[in-house]
Q: 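Structure provided below as structure tokens; questions to follow.
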Amino acid sequence: DAKTTQPTSMDCAEGRAANLPCNHSTISGNEYVYWYRQIHSQGPQYIIHGLKNNETNEMASLIITEDRKSSTLILPHATLRDTAVYYCIALLYNQGGKLIFGQGTELSVKP
Amino acid sequence: ETGVTQSPTHLIKTRGQQVTLRCSSQSGHNTVSWYQQALGQGPQFIFQYYREEENGRGNFPPRFSGLQFPNYSSELNVNALELDDSALYLCASSINRNTGELFFGEGSRLTVL
């Protein structure tokens, strides 16, 4: 599985968009990009995933560059409850639940 | 709420003892994965079970073993506990073995003294 690189921490003002970057320059053509988050003392929560196209759901948007070497998770209107560690994971389709979590980005949403 | 429940939520054991952690999957999910999360680290994949058989294992020794039952609930067993086994143990269920969309429980926090 491709290694992903994320900033250690980020701050965001409440109500503003939070843009979390992820580099995955060695990603292969059949690896998906998954995003999870983990609020303190809870289990990780699935957010979104994509392969090539940009994706949007009720939680977030995922923008993947054309060369697929990087992506950005966008939380359009961050709230204090979005304060969490966000993990970007590259995953082969047939690897299923064998997620490889890195250190993630600790996002602090401030009032 | 993910529909995945784990028990116990907290427990304390001493070195050398054995522990069993339990997980009840979300309804309709036939795959369960277990993760270990040490303090300040991301979760690490232990193993996955699909239809009662092990379907992949991470870099963990054989004293970490598991079971999945016909109702798709699951157990994680750890023998000969070591101090470094102190961690949060997370169970996650999924609708099939190929998807990366996992539903995690809140975890069982194990402390080994």
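Hydrogens, waters and symmetry mates are skipped; everything else that's a heavy atom, side chains included, is used. Within every chain, numbering begins at 1; the chains are lettered A, B, ... in the order of the sequence lines, protein sequences first and strands thereafter.
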Q: Let me know if Y32(A) has heavy atoms under 4.5 Å from chain B in its side chain, its backbone, both or neither.
A: neither
Q: What part of L102(B) is in contact with chain A, defined as an atom under 4.5 angstrom from a non-hydrogen atom: side chain, backbone, both or neither?
A: both
Q: To the nearest 0.5 Å, tell me how far I48(A) CD1 sits from E101(B) CD.
A: 10.5 Å
Q: Out of curiosity, does V19(B) fall in the hydrophobic cluster containing L39(B) (side-chain heavy atoms, cut-off under 4.5 Å, transitive links)?
A: no
Q: Are Y86(A) and I64(A) grouped together when hydrophobic residues (ILVMFWY) are joined by side-chain heavy atoms under 4.5 angstrom apart?
A: yes
Q: Spell out, yes or no, whether V85(A) and M59(A) are grouped together once hydrophobic residues are joined by side-chain heavy atoms under 4.5 Å, including indirect joins.
A: no
Q: For K98(A) and F45(B), which heavy atoms make the closest approach, and how far apart are they?
A: CG-CZ, 3.5 Å
Q: Take atom CZ in R16(A); do more than 12 heavy atoms of anything else shown fall under 6.0 Å from it?
A: no
Q: Should we count CG of L11(B) as having more than 12 external heavy atoms under 6.0 Å?
A: yes
Q: Mind listing the closest non-hydrogen atom pair of Y87(A) and Q37(B) along with its distance?
A: OH-NE2, 3.8 Å
Q: Go through the atoms of Q42(A) and report whether side chain, backbone, both or neither lie under 4.5 Å from a heavy atom of chain B.
A: both
Q: Evaluate whether atom CG of N59(B) has more than 12 neighbouring non-hydrogen atoms of other residues, nucleotides or ligands under 6.0 angstrom away.
A: no
Q: So which part of Q48(B) gets closer than 4.5 Å to some heavy atom of chain A, the side chain, the backbone, both or neither?
A: side chain
Q: Are Y49(B) and F103(B) co-members of a hydrophobic cluster defined by side-chain heavy atoms under 4.5 Å apart?
A: no
Q: Within the structure provided, determine whether P44(A) and Y35(B) are in side-chain contact (heavy-atom separation under 4.5 Å).
A: no
Q: Same hydrophobic cluster for F101(A) and W35(A), using side-chain heavy-atom links shorter than 4.5 Å among ILVMFWY?
A: no
Q: Heavy-atom pairs under 4.5 Å with chain A - which of S33(B), G42(B), G100(B) has more of them than the others?
A: G100(B)
Q: Are side-chain heavy atoms of T99(B) and Y34(A) found at a separation under 4.5 Å?
A: yes
Q: Quick one: pull up CG in N98(B) and CG in L91(A) and give me the separation to the nearest 0.5 Å.
A: 9.5 Å
Q: Could you look at N55(B) and say if it's the side chain, the backbone, both or neither that has a heavy atom under 4.5 Å from chain A?
A: both
